[in-house]
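Okay, structure first, notes after.
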Amino acid sequence: MTGSLRALLSGAIDYAGVFPPASLSLDQAIAEYRRHCGDQAAWMLGRFICPADRLAELAASDSPERSGWVSAIVPGEATAKASLDRVPQSIASVAGFPLKGAVDTLEFRWPAELAQAADVAE
């Protein structure tokens with residue numbers, strides 16, 4: 001493999017074991033993520049993906065050792081208002097994570113009503 005290809009793919013694959021199709025428990029997903037971190041191809045491994053509302057559970061079950069390793073996912077809501085109402089709670093979950101800087105990404109799903117409106121507009 002060329003150095004440029006390795007640089008391009010470094011950290012490119014995030015691990016989302018708590019989501020389908022794996023649907024592992026949080027503890028199982030953490031164990032699998034750590035196992036993959038020890039693999040020969042660990043250089044490709046990126047962030048651990050965790051639902052924002054489960055960050056406290058992640059903090060209680062794990063001792064994160066590096067910053068920038070978690071991406072928190074905010075679940076989708078039906079309406080834009082419900083999505084906006086969830087923002088303060090999600091930010092508080094990130095702020096309450098014990099290792100500052102570990103959660104460096106917060107992803108929001110587009111509200112269903114806006115996604116449907118975009119589909120109709122096409």
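Between Thr105 and Arg47, the closest side-chain pair of non-hydrogen atoms falls below 4.5 Å. Two residues are said to be in side-chain contact when any heavy atoms from C-beta on lie closer than 4.5 Å; Arg109 and Pro75 fail this criterion. With a 4.5 Å cut-off on side-chain heavy atoms, Val74 and Arg86 count as touching. For the pair Ile73/Phe108, no side-chain contact is recorded, criterion being any heavy-atom separation below 4.5 Å from C-beta on.
Between Asp53 atom CG and Gln89 atom CD the span is 7.0 Å, to the nearest 0.5 Å. The structure places OG of Ser10 at 10.0 Å from CE of Met44, a figure rounded to the nearest 0.5 Å. Atoms CH2 and SG, from Trp43 and Cys37 in turn, are 14.0 Å apart once rounded to the nearest 0.5 Å. Separation of atoms OG (Ser90) and CG (Asp85) is listed at 11.0 Å; rounding is to 0.5 Å.
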*Apply side-chain contact (heavy atoms from CB on, under 4.5 Å) to Tyr33 and Leu45, showing your working.*
CA-CA 9 Å; Tyr33 181 77; Leu45 189 59; 3.6 Å; yes
*Carefully, step by step, assess Phe19 and Leu24 under the rule side-chain contact (heavy atoms from CB on, under 4.5 Å).*
CA-CA 7 Å; Phe19 296 95; Leu24 301 174; over 6 Å; no
_Apply side-chain contact (heavy atoms from CB on, under 4.5 Å) to residues Phe48 and Leu58 and explain how you reach the verdict._
CA-CA 10 Å; Phe48 182 87; Leu58 175 62; 4.2 Å; yes
*Working for side-chain contact (heavy atoms from CB on, under 4.5 Å), residues Leu55 and Glu57*: CA-CA 5 Å; Leu55 286 173; Glu57 185 182 347; over 6 Å; no
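Across Leu26 and Val18, no two heavy atoms sit closer than the pair CD1-CG1, 3.7 Å. The two residues Pro98 and Ala59 have their closest heavy-atom pair at CD-CB, 3.3 Å. Residues Ala80 and Glu113 approach most closely at N-OE2, 2.8 Å, considering heavy atoms.
Shown here are the salt bridge (charged side-chain N to carboxylate O under 4.0 Å, His left out) partners of Glu32, two or more places apart in sequence or in another chain: Arg35.
Using a 4.5 Å cut-off between side-chain heavy atoms of Ile, Leu, Val, Met, Phe, Trp and Tyr, with links allowed through other members, Ile91 and Leu84 fall into different hydrophobic clusters.
Side chain of Ser83 to backbone of Thr79: a donor-acceptor contact under 3.5 angstrom is found.
The side chain to side chain donor-acceptor pair (under 3.5 Å) contacts involving residues 11-25 comprise Ser25-Gln28, where partners must be two or more places apart or lie in separate chains.
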